[in-house]
Amino acid sequence: MNEPTEFDDEDAFPDSVTRDFAMAMEAAWLKTKDSAFTEMVHEYKAVENAFIPNVVDNDFAALEMRKRVAESIFKSAVTYHQPWDICLAYWNDVVHLGITQIEAKCTMTWYYAECCRMNGKAELGLRILDPLIDELRSLQSEPDVGEVNASFYRQQLAVIGKLRAKLHPQQR
Amino acid sequence: MSLPLGCAGSIEPAQPRQTASNGKRSLPPITEARLQECVETYHHQLSSIYQEVHYRVKVDGEGRIVDVETSEALVDGQDFAACVRVVLREMAVPNWVFALRKEYTHASTKAQTSAARGAIGDVTVMGVEVVLEELLAVVGGTTVLFAVVIVLAEGGVANAVEAIEETTANRRRCDDKRTACLDTYRASRPGPTYGSSRCEACHNLCIALEGEWPSHVTLGGRQLSCK
């Protein structure tokens, strides 16, 4: 099967508040990418506190903004190798707010399993990766899967499979 | 040095405990001061006027702190707990730890078999525990007793350290590419989820791709370009 090559670059943010929020999150990342983890948390939370009042009448937008902040903090906790229980606390925040799309599920699950690997908790990592692999395989085999989604599932199965292989030797 | 060894093959062999002859060794003074600051800043979060908090700081073969563990529930106050962990994580490992490691490694190669490897959490270790002198921090009416044990760990920890180094290197590579992305039109394009940006989404995938900036990210059957 050929890999799709056409990209949709005409996308725009749904409104100016969403765009400004995304830009503010990028600015927070740029400002703190070489800082301590606590600084990152502070900056991301500052963006949340600044933007949530702008969407008080829009429950969906408020929840999604909280999710993006939680996801960014959690990802920082993993990639700036915070201790296990800090990583776990922010993962719980992400899970509590909800992961609905398969794309976000793949991303966040990968980071959680990576946190497991960095903390020598291979079994916990494998425990969360294996059901996701089953889910991706099931989605991949749906008759109306479509070229782009099939390509995505293949990519994710490869990425997750690689992490799984790294977790295996850590198992007792 | 002769070290007591655990029963080979037991599930949790006894860990040798090392204390100085005149009592226990102390935390580094800077760490003590920083723990005191944690209490000063967050003592209002603690539910009782006396708290005992127990931590195990794991140090790898090269003297790096690879994990900070607590078994409790005893620590209340999320910010207080985070503060303590960050301080212990950033603690400069005292030089005498390296001397102990050398001594212990020498002893262990003579006497300890692989069957005597113990388990701490999910990390397989073969190590020695050093119980540090307890630190008492008193602020207002609140007293916190810090009990810290340094665990000189080997074995499975090496994999975790390798993972940390690998992820840090991948993250740095992807950071450079995300910074470059922010100088392109993609900086003003959305990512796959509400309120996410394209460069961030590409960065998320880049780290999972071990530092390779992806051509695109996907959402609901559409591909959004990264380069």
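Because the structure is a prediction, the values reported are computed rather than measured. The sequence lines fix the lettering, A, B, ..., with proteins before strands; numbering per chain opens at 1.
If you take CG on Asn149(A) and CD on Gln223(B), they are separated by 9.0 Å, rounding to the nearest 0.5 Å. Taking CZ of Arg85(B) as the reference point, atom CG of Asp85(A) lies at 3.0 Å (rounded to 0.5 Å). Distance check, rounded to the nearest 0.5 Å: OG of Ser188(B) to CZ of Arg19(A) gives 9.0 Å. Rounded to the nearest 0.5 angstrom, Trp29(A) CH2 and His203(B) NE2 are separated by 5.0 Å. Taking CD from Glu103(A) and CG from Leu224(B), the interatomic distance works out to 9.5 Å, rounded to the nearest 0.5 Å.
No side-chain N or O of Gln101(A) forms a donor-acceptor pair with one of Thr193(B) less than 3.5 Å apart. Side-chain atoms of Gln156(A) and Thr218(B) form no donor-acceptor pair, as typed in the model, at a separation below 3.5 Å.
Contact count against chain A (heavy-atom pairs under 4.5 Å) is highest for Ser196(B) among Ser196(B), Cys83(B), Ala82(B), Pro192(B). In terms of heavy-atom pairs under 4.5 Å with chain A, the best-connected choice from Leu88(B), Leu209(B), Thr179(B), Val217(B) is Thr179(B). Note: Ile207(B) leads Ile207(B), Leu205(B), Asn170(B) in heavy-atom pairs under 4.5 Å with chain A. Of the listed residues (Phe21(A), Phe13(A), Phe152(A)), the one with the most heavy-atom contacts under 4.5 Å to chain B is Phe13(A). Ranked by heavy-atom pairs shorter than 4.5 Å toward chain B, the options Ala61(A), Ala104(A), Cys106(A) are led by Ala61(A). For the set Phe51(A), Trp84(A), Tyr111(A), the count of heavy-atom pairs under 4.5 angstrom toward chain B peaks at Tyr111(A).
The nearest pair of heavy atoms linking Ala22(A) to Gly195(B) is CB-O, 3.4 Å. For Glu26(A) against Cys199(B), the heavy-atom pair with the smallest separation is OE2-CB, 3.4 Å. The two atoms that bring Met118(A) and Ala163(B) nearest to each other are CG-CB, 3.8 Å, heavy atoms only. For Met23(A) against Ala187(B), the heavy-atom pair with the smallest separation is CE-O, 2.7 Å. Across all non-hydrogen atoms, the minimal contact from Pro14(A) to Tyr194(B) is CG-CE1, 4.1 Å. Shortest non-hydrogen contact noted between Ser72(A) and Glu200(B) is OG-OE2, 3.3 Å.
Environment of CG in Leu145(B): crowded, with over 12 heavy atoms of neighbouring residues, nucleotides or ligands closer than 6.0 Å. Environment of NZ in Lys105(A): sparse, with no more than 12 heavy atoms of neighbouring residues, nucleotides or ligands closer than 6.0 Å. A 6.0 Å sphere centred on NE2 of His44(B) holds more than 12 heavy atoms belonging to other residues, nucleotides or ligands.
Contact annotation for Lys162(A): only side-chain heavy atoms (C-beta onward) come within less than 4.5 Å of a heavy atom of chain B. With a 4.5 angstrom heavy-atom cutoff, Lys75(A) touches chain B only via side-chain atoms. Phe37(A) does not touch chain B: none of its heavy atoms, backbone or side chain, sits under 4.5 Å away. Only the side chain of Thr107(A) comes within less than 4.5 Å of a heavy atom in chain B; its backbone stays farther off.
One finds a salt bridge joining Glu166(B) and Arg117(A) here, because a Lys/Arg side-chain nitrogen approaches an Asp/Glu carboxylate oxygen to under 4.0 Å.
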Evaluation steps, side-chain contact (heavy atoms from CB on, under 4.5 Å), between Thr168(B) and His81(A): CA-CA 8 Å; Thr168(B) 302; His81(A) 44 88; 3.4 Å; yes
